[in-house]
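Values below: all heavy atoms of this structure, side chains included; hydrogens, waters and symmetry mates excluded. Since the model is a prediction, treat every value here as computed from it, not as a measurement.
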Amino acid sequence: MLVDMVIDGFDVSEEESEPVDHVGDLLLRVADGDRAAFAELYDTLSSRVFGLILRILVDRSQSEEVLQEVFLELWQSASRFAPNRGQGRTWVLTIAHRRAVDRVRASQASSDRDVRAGFRDLGVAFDSVAEEVALRDDATRVTKALAVLPEVQREAVVLAYYGGYSQSEIAALTGSPLGTVKTRMRDGLTRLRMEMGVTS
Amino acid sequence: MNEQDFAELSAGHALHALSPDDERRYSAALAAHPEWQRIADRDAATAAALADGVAAEAPPSSLRDALLAQISAPPSEPESMVQPPARTSDPVRRASRGRRRSWFALAASIVLVVAIGVSGLIVAQQLGRSPAQTTLAQIQEQSDAKSATADVAGGGTATAHWSDSLGKAVLVTDGLPAIATDRVFELWFVRDGGPEPAGVFTAASGDATAALTGAMHAGDTIAVTVEQAGGSPSGKPTTDPIVAIPTA
């Protein structure tokens, strides 16, 4: 029996080891100006993308603006997607993350992102991620992988990915040398890849 | 830089946490070592998987409506959004239909704004005029704006618009030859040090407006090659240019 599930446009077949890159196929069609494919792409990923942007930006109206920017960029730049270099879903989420981080840095360039705010975020960052994901099966892979990381590595990855903090900000927040933060981030990401079984 | 140094930059890049200086080192290293791309791709996939750690949240349906309305609007005609430049450095053949089309472009943009109302204004500003068209308009506002048209091997024409003072260039194509769906057109600034990649584009029905990424240097030649999707992985052209337009 062949059972297919579609998770965020990622077709997972129980019998086939090679997943179909549904989002990647849509992106190739969008690159040709296919509007129906664009609508399908939006329906497939907008909730996931919006959730991510909202997590980083917190502010809802700014998050809506960034969501628009992201999908405009997808419409206009889909031809830059290279299927031989990774999944379509990765490409979309990378753009979304970059846009959200750019926005948070631009809008909070001043005193908002001072060390105190950072420490507050540090306290809630992992806890809130762990809390949110505890209830959802599709996220347990992430929680489990993060939980396995040594605390300093988890801190570096969580502050960067979910908080939008740069390496130098993280160094200031945690009182660690910049070089140490860079190494922790590298080691943390490698460990996560193994724990989550990510293949690019 | 060795592979281990690059791997450290790659992790920071995947998490969008590098300083601007490190970001430049990362790009330079990747350009010099295309074989390290797999490290970058793997890190991007790992970072993207972290998105599953956040609850999905449905955006307001008005956003979907605004986006779809925008991309369904008739595309405005790029070469007619602005008047042709007063003078050019090269003999130029201008598209004769430019002026006639401008009225359609104007009418279309008015309809667009009315249709989507205030809430969609951000979208209107960005989608009604693509970034390339915005850049084109910006170039045309410069006193040193120039343009030149050349025939494209295989059919069609390409018009380069540039401003040396702005350091930007836009290519507008008309009737480009069809290419395979897994190929793209790649733009290049050709200068003394060799060709610099300046972005890729596709051209539905042969017409496109594409802004060259990166800074243009005075005297650059603007060229287009046909490359694999995503652009030449080595950062150097793998085919002969189908068109090359000198700007000096």
Report task. Show your reasoning for whether side-chain hydrogen bond (donor to acceptor under 3.5 Å, both in side chains) applies to A:Thr190 and A:Arg186. Result -> CA-CA 6 Å; A:Thr190 300; A:Arg186 171 69 271 165; 3.0 Å; yes
Query raised in the report: With a 4.5 angstrom heavy-atom cut-off, which part of B:Val200 approaches chain A: side chain, backbone, both or neither?
Result: both
Query raised in the report: With only heavy atoms counted, which part of A:Leu192 is less than 4.5 Å from chain B, the side chain, the backbone, both or neither?
Result: both
Query raised in the report: Looking at B:Leu18, B:Leu9, B:Leu50, B:Asp182, which one has more heavy-atom pairs under 4.5 Å with chain A than the rest?
Result: B:Leu50
Query - ring pair (Phe, Tyr, Trp, His ring centres under 6.0 Å) assessment of B:Phe6 paired with B:His33 - result: CA-CA 10 Å; B:Phe6 177 77; B:His33 296 274; 8.2 Å; no
Query - Test: A:Glu65 and A:Arg103 ion pair at under 4.0 Å - result: yes
Query - Heavy-atom contact with chain A under 4.5 Å, split by part of B:Thr202 - result: both
Query raised in the report: Charged N to carboxylate O below 4.0 Å: is that the case for B:Asp52 and A:Arg48?
Result: yes
Query raised in the report: Where on A:Ser63 is there a heavy atom nearer than 4.5 Å to chain B: the side chain, the backbone, both, or neither?
Result: neither
Query - Test applied, side chain to side chain contact (heavy atoms under 4.5 Å, CB included); reference residue, B:Glu186; option that passes from B:Ser232, B:Pro195, B:Pro237 - result: B:Ser232
Requested in this report: State, yes or no, whether a side-chain contact exists between A:Arg60 and B:Glu57 at a heavy-atom distance under 4.5 Å.
Outcome: yes
Query - A:Leu54 versus chain B, the contacting section by heavy-atom distance below 4.5 Å - result: side chain
Requested in this report: Take A:Glu73 and A:Arg99, measure what salt bridge (Lys or Arg N to Asp or Glu O under 4.0 Å) needs, and give me the verdict at the end.
Outcome: CA-CA 10 Å; A:Glu73 182 169 343; A:Arg99 285 258 179 198; 2.7 Å; yes
Query - Beyond-backbone contact of A:Met185 with B:Leu15, side-chain heavy atoms, under 4.5 angstrom - result: yes
Report summary line: If one checks every heavy atom of B:Asp22 against chain A at 4.5 Å, the contacting part turns out to be side chain
Report task. Could you tell me whether B:Glu23 and A:Arg98 have a side-chain N and a carboxylate O separated by less than 4.0 Å? Result -> no
Query - A:Asp187 versus chain B, the contacting section by heavy-atom distance below 4.5 Å - result: neither
Report summary line: One option among B:Ala17, B:Gly12, B:Ser10 has the most heavy-atom pairs under 4.5 Å with chain A, and it is B:Ala17
Query - Option in B:Ser19, B:Ala58, B:Ala51 with maximal non-hydrogen atom pairs under 4.5 Å from chain A - result: B:Ala51
Query raised in the report: Highest number of heavy-atom pairs under 4.5 Å with chain B: which of A:Asp43, A:Asn84, A:Val101?
Result: A:Asp43
**Report entry** Part of A:Asp102 lying under 4.5 Å from any heavy atom of chain B
**Finding:** neither
Query raised in the report: chain A: which of B:Pro59, B:Ala49, B:Ala44 shares the most heavy-atom pairs with it under 4.5 Å?
Result: B:Pro59
Report summary line: One option among B:Ala14, B:Ala40, B:Pro60, B:Ala203 has the most heavy-atom pairs under 4.5 Å with chain A, and it is B:Pro60
Query raised in the report: If you count heavy-atom pairs under 4.5 Å with chain A, which of B:Gly231, B:Pro233, B:Ala47 comes out on top?
Result: B:Ala47
Query raised in the report: Where on A:Tyr42 is there a heavy atom nearer than 4.5 Å to chain B: the side chain, the backbone, both, or neither?
Result: side chain
Query raised in the report: Which bit of A:Met196 is near chain B, if near means a heavy-atom gap under 4.5 Å: side chain, backbone, both or neither?
Result: side chain
**Report entry** Flag side-chain contact, heavy atom, 4.5 Å: A:Arg80 against B:Phe201
**Finding:** no
Query raised in the report: Looking at side-chain heavy atoms only, is the closest gap between A:Val49 and A:Val70 below 4.5 Å?
Result: yes
